[in-house]
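Notes to accompany the following structure.
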Amino acid sequence: MRVISGEYGGRRLKSLSGPNTRPTTDKVKESIFNMIGPYFDGEEVLDLFSGSGGLAIEAVSRGCSHAVCVDKNYQALKIIKENIAITKEPEKFTTLKLDADKAIEKLAQLGKKFDYLFLDPPYAKQQIIEQIEKMSALDLFKEEAVIVCETDKAVELPEKITCFEQIRKQTYGITSVTIYRKEDDR
């Protein structure tokens, strides 16, 4: 696993071993960023089930100014921090050892707002719709926010979740990537 492009392009990333993790493959990661970017200009990112931090690090490598990496697993957080160290710019990242729902509440209390949300929860424990609804109700999204959901290909997400419209869905082997964009309030 590596950083595909941008400032940290080519740097190798560590991943958590074991049956409970599925790091996003380089092929899927490259496809995600081709669909939503591929490059950015100072946006804020939330990676809610960060795992190895690969998606957040890729986003910052491609021009996002800051990423929050959330994971409740101690070993995952250790790997995320090691991968952030590889960037030599730890100030561009915040790590939170919290369960996703507690992290959402904490970020809302801090008044945070995000341009990009990456949701790649453990397949068996998905609450994607509920978490997007909760984040929307707590006003955690900026005006033109984009949500990237990585799920098992059998999962069917709705065309619309609160003020977010599905703009793209792509399947790669057993993985589906569904992208939502916040609708204009006008």
### Task
Take Lys134 and Glu105 through the test side chain to side chain contact (heavy atoms under 4.5 Å, CB included) and record every step on the way to the result.
CA-CA 9 Å; Lys134 183 175 186 175; Glu105 290 164 17; 2.6 Å; yes
### Message
Determine whether Val3 and Thr87 satisfy the following criterion, side chain to side chain contact (heavy atoms under 4.5 Å, CB included), listing intermediate values before the conclusion.
### Response
CA-CA 10 Å; Val3 179; Thr87 71; over 6 Å; no
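To the nearest 0.5 angstrom, Lys72 atom NZ is 9.0 Å from Lys97 atom NZ. Atom CG of Asp99 is separated from atom NZ of Lys106 by 13.0 Å, given to the nearest 0.5 angstrom. Atom NZ in Lys92 sits 12.5 Å away from atom CD1 in Ile57 (nearest 0.5 Å). Taking CG of Leu48 as the start and CG of Leu55 as the end, the distance is 12.0 Å to the nearest 0.5 Å. To the nearest 0.5 angstrom, Lys153 atom NZ is 9.5 Å from Thr175 atom OG1. The line from CZ of Phe49 to CG of Leu46 is 9.5 Å long, rounded to the nearest 0.5 Å.
Tracing side-chain contacts under 4.5 Å through hydrophobic residues (I, L, V, M, F, W, Y), one reaches Phe40 starting from Val177; they form part of the same cluster. Both Leu98 and Met135 are part of a single hydrophobic cluster, where members link through side-chain heavy atoms under 4.5 Å apart. When hydrophobic clusters are built by joining Ile, Leu, Val, Met, Phe, Trp and Tyr residues whose side-chain heavy atoms come closer than 4.5 Å, directly or via intermediates, Ile104 is grouped together with Ile128. Taken together through direct or relayed side-chain contacts under 4.5 Å among Ile, Leu, Val, Met, Phe, Trp and Tyr, Met35 and Ile147 form parts of separate hydrophobic clusters. Residues Leu140 and Ile129 share a single hydrophobic cluster, defined by chaining ILVMFWY side chains whose heavy atoms lie under 4.5 Å apart.
Phe118 and Phe33 have tilted rings, their planes meeting at an angle from 30° to 60° on a 0 to 90° scale. The aromatic rings of Tyr8 and Phe93 lie tilted to each other, with the angle between the two planes from 30° to 60°.
The backbone N or O of Ile4 lies less than 3.5 Å from a partner atom in the side chain of Glu58, making a donor-acceptor pair. Here the side chain of Lys182 pairs no donor or acceptor atom with the backbone of Phe164 at under 3.5 angstrom. Between the side chain of Asn83 and the main chain of Leu13, no donor-acceptor pair closer than 3.5 Å is present. In this structure, the side chain of Glu44 does not engage the main chain of Lys113 through any donor-acceptor pair within 3.5 Å. The backbone N or O of Pro38 lies less than 3.5 Å from a partner atom in the side chain of Arg62, making a donor-acceptor pair. With hydrogens and angles disregarded, a donor-acceptor distance shorter than 3.5 Å links the side chain of Ser31 to the backbone of Lys27. Proximity of a side-chain donor or acceptor of Ser61 to a complementary backbone N or O of Ser5 within less than 3.5 Å is detected.
In terms of heavy atoms, Ser136 sits closest to Thr162 at OG-OG1, 3.3 Å. The two residues Gly51 and Asp71 come nearest to each other via the heavy atoms N-OD2, 2.8 Å. Nearest approach of Lys88 to Arg11, heavy atoms of both residues: N-NH1, 4.4 Å. Scanning all heavy atoms of the two residues, the minimum distance from Ala67 to Val60 falls at CB-CG2, 3.8 Å. Between Met1 and Lys14 the shortest heavy-atom distance is CE-O, 3.5 Å.
Salt bridge present: Lys169 and Glu156 bring a charged side-chain N and a carboxylate O closer than 4.0 Å. Glu43 has no carboxylate O lying under 4.0 Å from a charged side-chain N of Lys142, or vice versa, which leaves the two without a salt bridge.
Inter-residue side-chain proximity for Ile80 and Asp47 is flagged as unmet; no heavy-atom pair is nearer than 4.5 Å. Residues Glu89 and Glu7 are in side-chain contact: their nearest non-hydrogen atoms beyond the backbone lie under 4.5 Å apart. Between Thr171 and Ser176, the closest side-chain pair of non-hydrogen atoms falls below 4.5 Å. At a threshold of 4.5 Å between non-hydrogen side-chain atoms, the residues Gln131 and Asp101 count as touching. Taking 4.5 Å as the limit, some side-chain heavy atom of Cys149 sits within range of a side-chain heavy atom of Ile132. The closest side-chain heavy-atom distance from Glu150 to Ile32 is below 4.5 Å. Side chains of Thr25 and Tyr172 form no contact here, defined as non-hydrogen atoms less than 4.5 Å apart. Side-chain contact between Tyr180 and Leu117 is absent, with no heavy atoms from C-beta onward closer than 4.5 Å.
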